Amino acid sequence: APPSGTTGQGGAKVANDEPGEKVVIGFSAPAADHGWMAAITNAAKAEAARYSDVELRLVEGTNDVNLQISQVETFINDKVDAIVLLPFDGAALTPVALKAMKAGIPVINVDREFDSPFAARSTVLGDNYGMGVSAGTYICERLKGKADAVVAEIAGIDSLPLTQDRSKGFADALRECGLKVANRVAAEFTVESGEKAAANLLQAAPRLDAVWNHDDDQGVGVTAAVKNAGRSEFFLVGGAGSANVMREIKADNGLHKATVVYPSTQGADGIRLARLAVQGKSLGDLVEVEIPRQIELYAPVVTKDNVDRYLPAAFES
Amino acid sequence: MVADAAPRTAGRFLASAPGRNTGLVVALVLLCLVGVATAGDRFADLDNVLTILRLASVIGVVSIGMTFVVTGGGIDLSVGAIVALASVWATTLATQGMAADTHWLVVVFTALAVGAGCGVVNGVLVAYGRIVAFIATLAMLAAARGLAEIISNRRTQILNVPGFTAFFDASVLGVPVLVVIFALVAAGGWVLLNRTTFGRRTFAVGGNPEAARLAGIDVRRHTVVLYTLLGVCCGIAAVMLIARTTTGSSTHGALYELDAIAAVVIGGTLLSGGRGTIAGTVFGVLIFTTLSNVFTLNNLSTSAQAVAKGAIIVVAVLLQQRLARRGGA
Amino acid sequence: MVADAAPRTAGRFLASAPGRNTGLVVALVLLCLVGVATAGDRFADLDNVLTILRLASVIGVVSIGMTFVVTGGGIDLSVGAIVALASVWATTLATQGMAADTHWLVVVFTALAVGAGCGVVNGVLVAYGRIVAFIATLAMLAAARGLAEIISNRRTQILNVPGFTAFFDASVLGVPVLVVIFALVAAGGWVLLNRTTFGRRTFAVGGNPEAARLAGIDVRRHTVVLYTLLGVCCGIAAVMLIARTTTGSSTHGALYELDAIAAVVIGGTLLSGGRGTIAGTVFGVLIFTTLSNVFTLNNLSTSAQAVAKGAIIVVAVLLQQRLARRGGA
Amino acid sequence: MTTAPLLSVRGLVKRFPGVTALAGVDFDVRAGEVHCLLGQNGAGKSTLIKVLAGAHRPDEGEIRVLGEVVSFPDPTAAMRAGVATIYQELDLVPGLSVADNVFLGHELSSAGFTRRAETRRRTRALLERLGHRDIPPDRDVGSLPAARQQVVSMARALSRDARLLVLDEPSAVLDQDEVRTLFGVVRELTAQGMAVVYISHRLAEIREIGDRVTVLKDGRTVATGLDARAVGTPELIRLMTGREARNAYPPRRPVAEDAAEALVVRGLVVGGSVGSSRADSAAGTRADSAGRAGVDFAVRAGEVVGLAGLVGAGRSEILEAVYGARKPAAGEVVVGGRRLRPGSVGAAVRAGVGLCPEERKSQGLLLDQAVYRNITVSSLPLFARLGFLDEAAERSRSAELTSSLDVRPSDVDRVVRALSGGNQQKVVLARWLLRGCRVLLLDEPTRGVDVGARGEIYRLVRDLAERGVAVVVVSSDIEEVLGLADRVLVVREGVVVHEGPAQEIDESRVLDLVMEGTAA
Ligand SMILES: Nc1ncnc2c1ncn2[C@@H]1O[C@H](COP(=O)(O)OP(=O)(O)OP(=O)(O)O)[C@@H](O)[C@H]1O
Ligand SMILES: Nc1ncnc2c1ncn2[C@@H]1O[C@H](COP(=O)(O)OP(=O)(O)OP(=O)(O)O)[C@@H](O)[C@H]1O
Ligand SMILES: [Mg+2]
Ligand SMILES: [Mg+2]
């Protein structure tokens with residue numbers, strides 16, 4: 001379909017959207033085993049569909065780095081024009097990204113950073129550490145003056161470095177105001193695991209003041225667990241920014257008082273950047289001739305006051 | 001003979017049906033003692049006990065079903081995927097629409113029907129297609145999860161059927177409905193396995209399929225029924241999970257296959273078939289659930305939890321075996 | 001006792017060692033035809049074939065080891081975790097430091113030693129602790145992953161040993177070193193299983209452990225060796241994975257246990273032990289890898305892939321069985 | 001009488017891949033008779049009765065019951081037509097209780113629930129009828145010795161309302177006393193008009209219980225309707241084998257006075273874990289390990305020693321302890337002057353001890369593997385260089401052995417499972433012949449072996465003895481022990497109660513010795 005009059009989520013309609021030479025983009029991401037990751041892929045697909053000059057090669061999402069490497073190898077064999085890669089593990093996918101770059105295929109790195117600056121033409125980075133900081137800072141503000149406040153954290157998949165970054169940011173921010181994480185459990189980014197982890201957590205901590213949950217998809221389960229336990233003495237801060245949670249924040253009728261956005265549109269950004277890179281175009285709002293090397297996304301805190309701005313771009317979990 | 005009368009009585013007891021689970025009981029009690037020692041009142045608290053039971057109930061129902069399949073000489077890797085598919089199907093807008101118009105039981109029946117359907121397919125592939133159970137149910141695992149993703153479009157589907165939530169959120173005499181369901185399924189499973197013709201035949205089909213065939217049992221049909229039964233259990237588990245999380249999702253039931261098989265095997269059911277115990281399975285489920293509860297109460301990091309879990313499993317099984325051996329079973 | 005000659009020749013061939021894999025070969029060829037039909041030159045391209053082989057080589061090495069354990073009547077759920085632990089241990093700063101000072105072989109040996117060590121523990125738990133293999137290796141799965149996380153502090157560890165990368169990135173006559181390693185392991189495995197006393201004893205131990213014991217085989221020691229062998233294979237796989245990703249990580253090897261067992265079983269090795277084929281396992285690995293390559297080339301959505309995968313597995317096995325049955329095996 | 005026979009079989013053919021097991025069988029069974037089936041190992045007897053039981057479908061031929069053509073597509077159909085079967089291979093379910101096994105497939109139930117008390121009661125009654133009130137109906141069948149399991153199988157066949165009872169070598173695992181009880185039951189049943197098809201390799205039994213005899217050879221009926229009491233043994237052997245009968249027991253050669261003691265057993269007390277668990281339900285018929293005297297005996301090179309005793313007397317336990325397969329509570333085993341590490345099979349095998357175990361299927365054979373692999377499994381180093389096997393040599397050596405033992409079919413690549421019972425036994429023997437032992441322990445070596453082959457096994461044992469091997473034979477067939485052994489030990493309750501040269505004792509004396517104390 002030709003680019004429609006409507007604009008992409010949050011984006012402006014610019015001259016860049018005019019059809020150009022045909023671009024074949026290979027896209028690979030981890031397994032869509034949780035809402036945010038599914039939203040990433042869906043948004044990328046939707047973005048690609050907006051351009052008549054983009055052909056998207058979407059491959060099986062996988063958490064096996066070996067398989068993901070071979071997918072990128074397939075892209076190289078196929079001589080696609082650009083690769084958008086959300087690696088399961090940034091460091092592990094670096095060699096094959098380097099190989100792609102050497103083969104003259106620009107790689108757009110999304111979310112989890114490679115460990116070599118030469119491995120990507122451009123990098124769209126979510127700010128995991130910053131996300132923790134945002135959540136921690138918000139909690140500090142709300143709990144101002146409560147020195148004995150009990151703060152808990154429901155992390156995501158604990159073996160992922162990004163979870164470590166988020167937790168570190170969170171702990172650092174809390175330390176600024178003299179608080180610390182009293183209880184920490186880890187879930188798996190899924191509703192069910194959120195429910196399980198929260199159920200146990202609520203037992204471990206008889207009294208709570210604030211809880212930060214890394215992921216709004218698992219947050220559905222967390223909310224259910226809190227309801228099951230009949231607890232309501234604390235407030236919840238979400239993560240990632242799902243539409244559900246934002247609606248709850250807007251209605252102000254639940255435990256969620258805020259959520260920290262971790263944009264699920266990164267993949268879509270990657271698609272756009274890839275297209276621009278191949279077509280030799282630049283970013284509309286920058287003066288530069290080329291697209292930038294790195295874009296670090298902001299992790300804003302969404303509260304009742306500003307929710308209307310973010311709701312349209314939120315992902316449906 | 002007189003001399004060793006006492007140990008022999010002990011041996012008799014240990015070898016008897018309840019006695020065979022002594023090791024498990026001891027392991028569970030030890031675990032609880034550790035819980036009390038490290039977390040005190042936070043562990044030995046009615047709410048906490050109910051939390052443990054609630055957590056145990058979903059995987060517990062699946063494990064009871066798994067006990068039948070494993071006792072009957074099979075295995076099912078697709079249980080988690082079936083739970084996911086059933087939960088998604090039962091919470092599609094269409095199903096919810098029907099439930100809103102008619103009765104929330106529609107949701108329940110949809111989940112059970114989907115579970116049973118998948119079970120029948122598994123059973124037919126194994127019994128009539130003669131595909132190794134491991135492979136047939138692995139295929140079902142892939143297919144059911146994929147289907148669940150397609151149906152849900154990978155979105156978490158939120159339940160909006162009031163009667164449903166009201167019913168499953170209730171308590172009976174202070175016991176949550178979910179726990180009651182688990183208890184009923186366990187009790188029903190015990191009766192079915194130990195007191196009915198069907199149960200006897202399950203042992204025979206698992207223990208010596210050729211002998212079962214020669215005794216006039218339709219081994220293939222029986223196998224299909226076993227997988228269907230497990231499918232229905234997955235359907236029940238899906239309903240419970242929907243109730244607990246108010247959602248259906250293609251990510252539900254992750255790794256249930258490992259958890260359920262582990263509970264069944266640690267409970268004393270033979271993976272090669274022919275021997276199975278419902279009580280053992282219930283203990284197995286409780287041990288695993290209590291373990292993660294104790295870990296969380298103690299704020300242990302997930303990595304330390306994993307290492308400790310491995311060690312504890314080994315110790316529990318060794319303990320169980322020493323006791324069973326003394327019982328001369 | 002007079003038999004019909006013509007069908008027998010065909011039957012003989014199908015029942016013979018290469019013939020037993022006919023079904024698998026047919027399935028693989030069909031898959032390739034589908035690949036060519038749907039992706040044309042992109043599939044039937046040397047680079048693409050090498051991509052498939054490179055992908056197959058890591059899980060392939062694990063599957064070869066798994067063939068031994070399964071043939072010997074065991075199972076190992078911990079392979080993925082062992083790969084992760086070995087990869088992490090081999091890339092700790094200390095190891096890398098030693099390698100930089102002395103030789104990159106230090107990295108290789110560390111991985112192999114860690115793999116072997118885990119294998120020994122598995123074997124001892126199963127053979128001497130008499131813990132059901134499923135449970136013992138499940139415990140190892142939890143413990144090894146936890147340990148890997150602790151050692152790596154859940155960070156991906158990046159390899160910085162130049163000689164290492166140079167060696168494993170090379171090609172031998174156009175064949176990547178990783179593929180060469182897989183081929184060597186497969187060939188070595190075949191010889192070991194089919195041509196040596198060790199292999200013969202493996203069949204005996206898996207086929208009837210009691211009879212093997214009474215025939216004078218030290219079944220327990222043999223079992224330990226089998227698990228150790230698999231552990232070493234996991235170590236090799238870890239080295240290959242480090243080479244491919246230049247990293248060690250506690251998330252490496254996710255679900256390798258399912259993939260490896262699936263490849264082994266689809267290849268015709270009996271899960272109950274006593275029958276195993278290396279060639280079948282290699283075909284099993286290639287079928288799964290080619291499948292995912294064809295999917296990749298065809299841009300199929302992940303969910304549809306999962307459903308298709310399930311269906312294809314069932315069809316492949318049914319095909320294999322029909323052919324095998326005609327062979328009268 | 002002009003009425004049609006109860007069962008009539010015509011032109012029955014059954015082919016397995018590569019083998020025609022039945023190539024045209026005809027015979028009739030009349031109501032009220034005991035019809036014996038005779039034939040060499042592999043003649044097709046078991047296949048025939050499996051066809052009659054609906055376990056195999058015939059390729060050709062017809063079966064009539066009371067003149068009506070019937071077909072048995074599955075076991076249920078055969079049972080419905082009144083055929084109850086005891087298979088040669090025990091077909092019980094370990095893990096289920098005795099009572100559950102007896103009523104498996106036709107459970108006593110109301111609304112799907114088993115009637116447990118009733119099931120137990122009727123099982124007890126059936127067992128009592130078979131003279132075994134000592135088997136508790138609640139006992140797990142898997143924990144019973146083979147002989148007791150056989151009794152359970154029999155109870156199971158009786159539990160069905162049958163017009164025709166088929167017994168495939170029921171006496172193989174029973175001792176003389178138990179066989180007598182079995183015959184009592186059989187007579188009682190035939191008196192009520194039931195027909196019995198009886199298979200056995202013991203010709204004396206045929207003469208005692210049988211009315212008519214049918215002989216199978218290579219899957220064909222070679223004679224049918226012979227009068228069991230009138231036909232002579234040489235005639236039967238000629239029909240079965242196509243050869244003239246030879247003297248069963250080869251002559252003994254005196255053992256050299258100065259021959260070394262190859263095996264010495266001192267103070268051996270077997271009360272291992274398995275034994276003690278069985279002991280408690282043997283209802284006090286056995287002394288406990290505490291206070292029991294140990295077993296002492298010695299076997300000289302070239303000597304054949306026979307262990308006689310009732311089933312369950314503990315003879316197998318003794319052999320297993322000598323072999324290291326079972327850890328003794330006390331005592332020592334010395335082979336060739338060296339003390340063996342107790343409980344280590346490896347040590348025993350290395351010292352040159354071999355065992356042909358009692359239950360060949362579960363203990364002796366790799367059922368799904370080729371014959372040659374079963375034969376060479378204990379002697380792999382003979383064929384290996386640097387660990388690599390020479391399979392051609394394995395095959396040819398195995399083929400030599402199978403042809404010298406007359407294993408049929410002699411194809412060494414065939415899987416052992418497809419061999420008939422007797423031939424399987426020969427495969428186990430071949431294993432130790434190949435390895436060449438100093439001490440050979442044979443537990444029920446002729447169980448299920450046909451007369452012809454039995455003679456060959458006897459000759460083999462003698463041959464071995466002449467070559468200096470010390471042989472210990474356990475058999476429930478007292479005549480066999482006396483005929484084969486140089487010296488006899490009578491075992492009762494795990495203790496040797498008599499020891500002496502075989503020539504100086506007779507069958508009735510041995511019977512007295514083994515029964516003493518248990519008669520009450
Ligand atoms: N399931 C089978 N598959 C292939 N061949 C078989 C099978 N069962 C039996 N046979 C073959 O059929 C022939 C007859 O075997 P059967 O068991 O009927 O002999 P039998 O007369 O009972 O011998 P025995 O006295 O040793 O028990 C043998 O050659 C045997 O190898
Ligand atoms: N009726 C019985 N029920 C249970 N156990 C029994 C019974 N009779 C004997 N046993 C047990 O069997 C064991 C001895 O069996 P073993 O096989 O050694 O005897 P055996 O003399 O070799 O008899 P067989 O001829 O059957 O081999 C003892 O432990 C004994 O307690
Ligand atoms: Mg027979
Ligand atoms: Mg015996």
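Computed from a predicted model, the values in this text were never measured in an experiment. Numbered from 1 within each chain, the chains take letters A, B, ... in sequence-line order.
- Judged by distance alone, with hydrogens and angles left aside, the side-chain atoms of C:Tyr227 form a donor-acceptor pair with the main-chain N or O of C:Ile75 at under 3.5 Å.
- Taking both residues in full, the closest heavy atoms of B:Leu55 and B:Thr289 are given as CB-CG2, 3.5 Å, listed atom of the first, atom of the second, then distance.
- When heavy atoms are compared at a cutoff of 4.5 Å, C:Val317 approaches chain B solely by way of its side chain, counted from C-beta outward.
- Remark: side-chain polar atoms of C:His252 are paired, donor with acceptor, to backbone N or O of C:Thr247 under 3.5 angstrom.
- Heavy atoms of B:Ile312 lying under 4.5 Å from chain C are absent altogether.
- The closest side-chain heavy-atom distance from C:Asn293 to C:Leu297 is below 4.5 Å.
- Heavy-atom pairs under 4.5 Å with chain B peak, among C:Ala262, C:Ala304, C:Ser303, at C:Ser303.
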_CA sep, side-chain torsions, deciding dist, call: B:Phe68, B:Leu230, side chain to side chain contact (heavy atoms under 4.5 Å, CB included)_ = CA-CA 7 Å; B:Phe68 278 86; B:Leu230 174 51; over 6 Å; no

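- With a 4.5 angstrom heavy-atom cutoff, B:Thr302 touches chain C via backbone and side-chain atoms both.
- No side-chain heavy atom of B:Val315 sits under 4.5 Å from any side-chain heavy atom of B:Leu30.
- Looking at residues two or more places apart in sequence or on another chain, you find no side chain to side chain donor-acceptor pair (under 3.5 Å) involving B:Asp259.
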Under 3.5 Å, which donor-acceptor pairs link side chains of residues 266-274 of chain B to any protein atom two or more places apart or in another chain?
residue	atom	partner	partner atom	Å
B:Thr269	OG1	B:Thr277	N	3.2

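- Interface residue C:Leu125: only side-chain heavy atoms are found under 4.5 Å from chain B.
- Of all residues spanning residues 133-152 of chain B, those with a heavy atom less than 4.5 Å away from chain C's heavy atoms are B:Phe134, B:Ile135, B:Leu138, B:Ala139, B:Leu141, B:Ala142, B:Ala143, B:Gly146, B:Leu147, B:Glu149, B:Ile150, arranged by number.
- Residues passing the side chain to side chain donor-acceptor pair (under 3.5 Å) test with C:Ser78, sequence neighbours excluded: C:Asp76, C:Asn122.
- The most heavy-atom pairs under 4.5 Å with chain B, out of C:Leu77, C:Val265, C:Ile313, C:Ile131, come from C:Ile131.
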